[in-house]
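Take a look at the structure set out below.
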Amino acid sequence: MAHKTVLRKPKGFIDVYKHKPGAEKDRTHYCPGCGHGILHKLIAEALEDFDIVDKTIVISPVGCSVFAYYYFHTGNLQVPHGRAPAVATSVSRANPDSVVISYQGDGDLAAIGGNNILQAANRGENMVVFFVNNAIYGMTGGQMAPTTLEGQITTTTPYGRNVKTDGYPLQMCEIINQLTAPVYVTRTSLHDMPNIRKTRAAVRKGIKNAMDKKGFSFIEVLSMCPSGWKMDSVPAQEWIKENMLPRFPLSTLRDISEDTPAVERPVPVMDPDEVKNILGYGALSDSNLTKNPDAAFEKVALRVAGFGGQGIMSAGIALANVGMEYGYNVSWLPSYGPEMRGGTANCSVKIQSETIGASECTEPNMLIAMNQPSLEKFEKIIVPGGALIYNTTLIDREPTRKDVKVYAVPITGIADDLGDTRVQSMVNVGAFAAVTGMFDPSEIESLMSSLFEGKPEKVVKLNEKAVRKGYEYVKENFS
Amino acid sequence: MNENREYPFPEIDPDICKGCKLCVASCPKGVLVISERLNSKGFHYSEYVGEGCIGCGNCFYTCPEPSAVTVYMKDYVPEEVS
Amino acid sequence: MPRKLMKGNYAAVYGAILAGCKSYYGYPITPASEIAESASALFPKFGRTFLQAESEVAAINMVYGAAGCGQRVLTGSSGPGISLKQEGISYCAGSALPCVIVDIMRGGPGLGNIGPEQSDYNQVVKGGGHGNYKVIVLAPNSAQEMCDLTMLAFELADKYRNPAFVLTDGVIGQMMEAVELPEPVTELPDKSEWAVYGTADSRHLINSIYLDHDDLERWNRELMKKYAIIQKNEVRVEEYRMDDAEIVAIGYGSCSRVIRSAVDLARERGIKLGMLRPITLFPFPATEIASLPDRGVKGILTFEMSDGQLVDDVNLALKGKMISDLHNRMGGNVPSAQEICEKVSELYGV
């Protein structure tokens with residue numbers, strides 16, 4: 001680095017602290033001897049030296065450094081307690097060419113934001129985190145922090161931190177170093193000049209990593225809180241040396257940025273035509289099939305019911321899709337049993353020309369019952385004059401309703417005869433078409449390739465056959 | 001200003017200084033002292049005794065206030081005042 | 001218009017893509033998980049960001065960051081997740097950040113169940129986090145509206161620099177309907193006045209701290225002014241068979257679908273029932289509701305899947321000129337049209 005002929009307030013700082021309320025816009029709000037100011041200066045100097053003040057974004061969460069935005073001449077986001085790594089994540093994703101700094105205290109980072117820092121580190125987000133460890137909550141007046149030392153007196157550990165009840169001081173560098181993604185993990189200190197200079201080197205390394213998109217850098221800095229510790233600044237430096245260093249040893253735990261490739265982020269596609277293309281607008285339904293004016297049913301409120309795995313949901317969705325192609329308004333509403341598989345399953349399908357109100361068919365005019373419990377449960381709610389298709393393969397009793405038209409169809413059997421039980425949903429579609437007269441089987445066939453988009457030709461053909469078989473069975477036996 | 005001083009030397013803004021003494025402790029030559037006087041904020045500020053600075057920059061880097069300390073190095077050329 | 005059969009939850013994500021939303025940050029929760037799932041499938045196809053966050057709290061803070069960087073950004077969740085997000089939503093409102101949050105309501109309190117309810121009404125419409133704020137709340141009742149109102153939510157959020165909710169229940173999220181996909185938004189609003197892009201010209205501050213009491217009061221008054229403008233300009237309602245209605249049922253979301261069926265059923269029985277459906281919950285259609293007594297309406301029945309959260313606002317709007325009755329279901333139960341009709345007959349003797 002070039003020799004400096006003058007050491008003065010770095011350009012990484014705002015000239016006049018305009019965001020700071022009150023008259024004192026030429027000085028920080030930090031207490032005398034506070035380590036934050038030292039670290040701020042090292043960061044601001046690096047931003048100037050690397051000529052990246054313009055492209056840097058500083059995230060300041062709650063803690064004494066929540067007002068970091070008063071000082072840094074960068075983009076600034078003040079954020080909730082502990083959430084800086086989460087915010088920095090999306091800021092970095094949104095502006096992949098920027099240098100994102102998450103500046104956090106120990107309560108913020110290691111307590112309330114403990115998971116946020118771990119997860120951002122684990123994702124290897126491109127950011128540099130400055131973790132100021134002063135073993136205390138400074139801003140709120142000196143309460144216990146996760147890094148408070150064993151036996152240390154704070155306003156919430158008036159008898160000293162008791163590890164039996166308060167746990168042990170958290171060693172965040174060591175924890176972060178357990179993860180695979182971070183490229184640089186180091187702990188430095190501000191307790192004397194040599195260590196301030198080492199901290200300076202670490203700050204520059206971390207910021208450089210962010211500039212080079214190397215991913216996640218974590219720099220823990222042991223720092224004085226003379227007010228919180230109730231001592232003068234120079235004794236506070238001594239206190240770090242004597243009390244903090246044994247628990248928080250200074251070392252670089254990891255430095256693999258040299259061998260790590262830059263983080264790549266894609267460029268968002270925003271062009272409207274390309275958006276439509278990707279969404280497949282060209283292949284969408286144009287609803288150009290003509291409704292059958294002589295259909296036995298003008299509108300359908302259908303329940304399809306059975307056990308999970310009988311293609312209950314897919315039969316309903318297929319019918320709704322076909323209805324849409326005829327220009328009907330359609331709705332499909334699932335209702336699952338508590339088990340994901342093997343439980344009871346039923347869905348409501350509405351197909352009608354008018355706007356659809358309630359989507360649940362509480363008074364269906366048609367029921368497709370695929371097993372006995374479904375028949376028992378839903379038979380009674382069919383409106384008089386409605387239709388009931390029941391699966392004679394699995395139901396061995398006659399329906400009790402005499403005021404509805406009953407279609408006994410061996411749905412599962414037809415599918416089995418075709419060689420695949422799974423096609424029973426399309427047998428139902430065929431049977432439905434025959435009962436209602438709303439759909440023409442050859443027109444359904446014309447839709448098969450879009451209904452089974454991406455499926456092999458063999459599967460499409462088999463399902464096509466299933467529709468035809470279901471249709472023919474009803475036509476042959478109930479006309 | 002400072003034209004009569006001998007380079008290198010530190011310049012400490014007595015009004016910005018919070019009197020934390022970190023610079024005094026960090027100075028290898030012991031040429032920074034705490035003033036007997038109080039500044040407008042009630043702090044005994046740090047002062048340069050006027051000679052002996054070697055331009056190491058310790059006082060600058062240890063000072064938590066961004067603009068309290070400026071260190072002019074031996075080869076510093078004062079900017080032209082228009 | 002090209003149509004596609006899809007779930008309401010998917011339609012919201014399509015709407016977001018079409019509105020130029022660049023990132024999705026969310027956490028899985030039933031019955032809103034399809035939003036995250038479909039976003040995870042769709043967003044990367046456009047080089048846009050999908051990230052499954054470590055928590056609801058992280059997700060809303062990622063939304064905060066993306067919004068602060070001027071992106072259109074979406075998250076989706078359900079009741080328990082929305083409770084966790086409230087802190088971040090308050091920050092978004094306090095920092096005047098536009099963003100869109102989809103809430104597919106489920107049963108509560110506590111873990112409740114995953115059935116449809118409308119019990120997040122208060123925590124969403126009343127600004128459930130800390131501090132004085134409101135969010136724009138749109139209440140779709142179809143898959144089509146899940147798409148359209150999500151797009152509108154982005155537009156209004158940007159227009160007013162305010163978070164906007166798409167609030168609906170599990171029925172609308174889970175049901176499939178044909179959705180006519182609209183044209184994508186061609187131009188996104190200019191946010192260079194305030195957004196942070198990591199450039200020399202965008203060294204802005206996203207912030208909700210106002211240490212000075214007067215400053216904070218001033219900011220709160222500015223927010224109140226903004227909400228008053230939203231109240232004046234953005235109320236949306238749907239009326240159904242209201243011309244000669246003597247009894248009006250009020251409801252939103254899936255309730256309004258049931259009411260619509262109930263209105264038709266009631267009319268078949270000779271009962272002059274009509275529907276007034278708030279599409280916006282904030283701004284609440286207070287004026288429209290207050291005018292009902294002057295339109296010859298003799299009875300008002302508020303129908304909701306919560307414990308009277310909506311009827312409180314209806315009665316506040318009526319200012320004592322009339323009092324709305326309440327019919328509600330909870331726990332995941334959705335009433336039938338017949339049930340509403342019978343309630344109407346029982347209450348009003350028709």
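The figures that follow rest on heavy atoms only: side chains count, while hydrogens, waters and symmetry mates do not. These figures come from a predicted structure and were not determined experimentally. Numbered from 1 within each chain, the chains take letters A, B, ... in sequence-line order.
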Notebook entry, point to check: Should the heavy atoms of other residues, nucleotides or ligands under 6.0 Å from CG of C:Asn113 be counted, would the total exceed 12?
Noted result: yes

Next item on the list: Hey, could you give me the CG/NE2 distance between A:Asp54 and A:His73, rounded to the nearest 0.5 Å?
Entry: 8.0 Å

Notebook entry, point to check: Can you tell which of C:Thr49, C:Leu181, C:Val63 has the highest number of heavy-atom pairs within less than 4.5 Å of chain A?
Noted result: C:Leu181

Notebook entry, point to check: What residue, out of C:Asp212, C:Asp215, C:Asp264, C:Leu18, has the most heavy-atom pairs lying under 4.5 Å from chain A?
Noted result: C:Leu18

Check: For C:Leu188, is it the side chain, the backbone, both or neither that has a heavy atom under 4.5 Å from a heavy atom of chain A?
Finding: side chain

Margin query: For C:Phe43 and C:Tyr24, take the angle between the two ring planes, folded into 0 to 90°, and tell me which bin it lands in: parallel under 30, tilted 30 to 60, perpendicular over 60.
Written below: perpendicular

Note to self: Tell me which of these, A:Ser98, A:Ala88, A:Pro272, has more heavy-atom pairs under 4.5 Å with chain C than the rest.
What the structure shows: A:Pro272

Item checked: Side chains of C:Glu34 and C:Gln174 in contact at under 4.5 Å (non-hydrogen atoms) -> yes

Notebook entry, point to check: Looking at A:Ile59, A:Asn95, A:Thr89, which makes the most heavy-atom pairs under 4.5 Å with chain C?
Noted result: A:Asn95

Item checked: Contact class of C:Gln338 relative to chain A, heavy atoms under 4.5 angstrom -> side chain

Check: Most heavy-atom pairs under 4.5 angstrom with chain A, which of C:Tyr197, C:Tyr14, C:Tyr91, C:Tyr64?
Finding: C:Tyr91

Check: Do you know which of C:Ser208, C:Ala337, C:Ser254 has the most heavy-atom pairs with chain A at a distance under 4.5 angstrom?
Finding: C:Ser208

Checklist line | Top of A:Ala320, A:Gly82, A:Ser285 for chain C proximity - count of heavy-atom pairs under 4.5 angstrom | finding: A:Ser285

Notebook entry, point to check: Any donor-acceptor pair under 3.5 Å linking the side chain of A:Asn277 with the backbone of A:Asp273?
Noted result: no

Notebook entry, point to check: Checking C:Ser256 against chain A: side chain, backbone, both or neither under 4.5 Å from a heavy atom?
Noted result: neither

Item checked: Part of C:Ile172 lying under 4.5 Å from any heavy atom of chain A -> neither

Notebook entry, point to check: In terms of heavy-atom proximity below 4.5 Å to chain A, should C:Val171 be classed as side chain, backbone, both, or neither?
Noted result: both

Note to self: Check whether A:Lys11 reaches the backbone of A:Asp51 with its side chain - one donor and one acceptor, N or O, closer than 3.5 Å.
What the structure shows: no

Notebook entry, point to check: Using non-hydrogen atoms only, which part of C:Lys22 is less than 4.5 Å away from chain A: side chain, backbone, both, or neither?
Noted result: side chain

Margin query: Which one wins on heavy-atom pair count under 4.5 Å against chain C: A:Val99, A:Val58, A:Val79?
Written below: A:Val79

Notebook entry, point to check: Within 45° of the ring axis of C:Phe154 and under 6.0 Å from its six-membered ring centre, is that where the NZ or CZ of C:Arg72 lies?
Noted result: no

Checklist line | Contacting region of C:Leu205 [heavy-atom separation from chain A under 4.5 Å] | finding: both

Next item on the list: Let me know if C:Glu54 has heavy atoms under 4.5 Å from chain A in its side chain, its backbone, both or neither.
Entry: both

Next item on the list: Give the member of C:Lys45, C:Glu87, C:Glu180, C:Glu183 that has the highest number of heavy-atom pairs under 4.5 Å with chain A.
Entry: C:Glu183

Checklist line | Per-residue contact mode, C:Leu42 against chain A (heavy atom under 4.5 angstrom) | finding: side chain

Notebook entry, point to check: Within a strict 4.5 Å, meaning less than it, do heavy atoms of the A:Met139 and A:Phe67 side chains meet?
Noted result: yes

Next item on the list: Select, from A:Met324, A:Gln119, A:Lys55, A:Lys350, the one with the greatest count of heavy-atom pairs under 4.5 Å involving chain C.
Entry: A:Met324

Next item on the list: Taking the side chain as every heavy atom from C-beta outward, state whether A:Phe72 and A:Ile101 have any pair of such atoms under 4.5 Å apart.
Entry: no

Note to self: Can you tell me which portion of C:Thr186 sits under 4.5 Å from chain A's heavy atoms? Options are side chain, backbone, both or neither.
What the structure shows: both

Check: Which residue out of A:Glu354, A:Arg123, A:Glu274, A:Glu325 racks up the most heavy-atom pairs below 4.5 Å with chain C?
Finding: A:Arg123

Notebook entry, point to check: Out of C:Val73, C:Thr75, C:Leu74, which one pairs with C:Ser23 under the side-chain contact (heavy atoms from CB on, under 4.5 Å) rule?
Noted result: C:Val73

Notebook entry, point to check: Do the rings of A:Tyr71 and A:Tyr17 sit parallel, tilted or perpendicular, given the 30° and 60° boundaries?
Noted result: perpendicular

